[in-house]
Amino acid sequence: MASTICGWCGDRTHMAMQTDPKSVPAQAGYVYTATFQCSNETCLRLSIGTIWRKSNFTNPKSEMPREPVLEWEPKTIRRRSFDDVPQQIAAAASEAHACLSISAYRGAVALARAVVEATAKDHGIVKGPLVAKIDEMHKQSLIREITRELAHEIREGGNEIAHGDLADEPMPPEDAEAIVALMDEILEEVYQGPARMAALKKSRLEREQRNAAKGTEA
Ligand SMILES: [Zn+2]
């Protein structure tokens, strides 16, 4: 049985082959494709497994499910949730991760940039290019110095965090990952970290109030 993260339910499951593999002649080899069923009892949906090979399988039915890596449809779409980020910004950030997970790198970068722009705007920072806005966020102590430097480092590497010709430029996966990671860090520092801090403070104050009330009763 092949094992993968099911593109329907998102669990790591075993995929049981349901149909005999079909062999299709392809450039310089063969493509084998078959349907598989997810073993997660709350899912049980079908996915298509595909593999390209230079030579034919001798016994496709037994050999194909033993292949360590098959290409799967539907692909696993991984989103991330950002609980303490304003809803619209969080939705766009989650989509940036979804794009990254299906190798839609330009889409991921375009969304990550939009998220950082919206975060700056949410704090009244609207002037200048994106990197200037990131500098201003640092000046207002919204983000750390190391995060500001990271944004500049990404730009020094010729990256598209700064300007808009996405369609003209190659977008290597590691660059897209670096830009989405920068977006994550900015959201962490601007929204998520302060929200955790505020929640902790609130519960401490409530505890102190309760203790003070007990003190008065006694
Ligand atoms: Zn499943």
Side-chain angles (χ1 to χ4, degrees), residues 1-116 118 166 171-188 191-192 195-196:
M1 274 200 282
S3 170
T4 188
I5 293 177
C6 172
W8 294 106
C9 67
D11 277 6
R12 175 163 288 280
T13 56
H14 289 294
M15 292 286 188
M17 201 163 70
Q18 300 295 307
T19 57
D20 290 350
K22 297 247 182 295
S23 158
V24 186
Q27 202 178 13
Y30 302 86
V31 165
Y32 285 88
T33 186
T35 54
F36 290 77
Q37 187 174 35
C38 173
S39 64
N40 174 359
E41 283 183 11
T42 60
C43 177
L44 300 176
R45 292 176 79 166
L46 297 177
S47 292
I48 308 286
T50 302
I51 189 167
W52 176 88
R53 285 177 53 91
K54 265 190 192 146
S55 58
N56 260 311
F57 282 126
T58 319
N59 184 348
K61 205 174 163 179
S62 66
E63 286 174 75
M64 185 173 171
R66 288 207 302 267
E67 284 291 326
V69 179
L70 300 177
E71 196 180 311
W72 294 99
E73 283 291 336
K75 291 190 195 312
T76 315
I77 299 177
R78 284 174 211 259
R79 290 173 181 271
R80 222 187 114 168
S81 60
F82 298 88
D83 294 339
D84 298 309
V85 174
Q87 200 184 357
Q88 296 301 329
I89 299 177
S94 177
E95 277 182 31
H97 280 272
C99 284
L100 205 56
S101 75
I102 57 162
S103 310
Y105 298 120
R106 289 179 184 80
V109 168
L111 280 161
R113 284 179 42 199
V115 164
V116 178
L166 270 174
M171 179 50 68
E174 56 274 20
D175 287 12
E177 278 160 16
I179 291 173
V180 172
L182 174 69
M183 173 197 81
D184 286 348
E185 188 54 40
I186 289 175
L187 294 178
E188 171 64 27
Y191 295 110
Q192 312 239 96
R196 275 199 304 276

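What you see is a predicted model; the values in this text were computed from it and never measured. Counting starts at 1 for both ligands and their atoms, following the listed order.
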Checklist entry - Ring centres of Tyr191 and Phe82 under 6.0 Å apart? => result no
Item to check | Check: Arg80 main-chain N/O paired with Ser94 side-chain donor or acceptor under 3.5 Å | outcome: yes
Checklist entry - Can you tell me if Thr50 and Thr33 form a side-chain donor-acceptor pair at under 3.5 Å? => result yes
Next on the checklist: Suppose we screen for side-chain contact (heavy atoms from CB on, under 4.5 Å). Which residues come up paired with Ser103, at least two apart in sequence or across chains?
Outcome noted: Tyr105
Next on the checklist: Closer than 4.0 angstrom, basic N to acidic O: yes or no for Glu63 and Arg53?
Outcome noted: no
Checklist entry - CE of Met17 to CG of Leu70: how many Å apart, nearest 0.5 Å? => result 10.0 Å
Item to check | Contacts of the Zn ion (ligand 1) with protein N/O/S atoms, counting only those under 2.8 Å | outcome: Cys6 SG, Cys9 SG, Cys38 SG, Cys43 SG
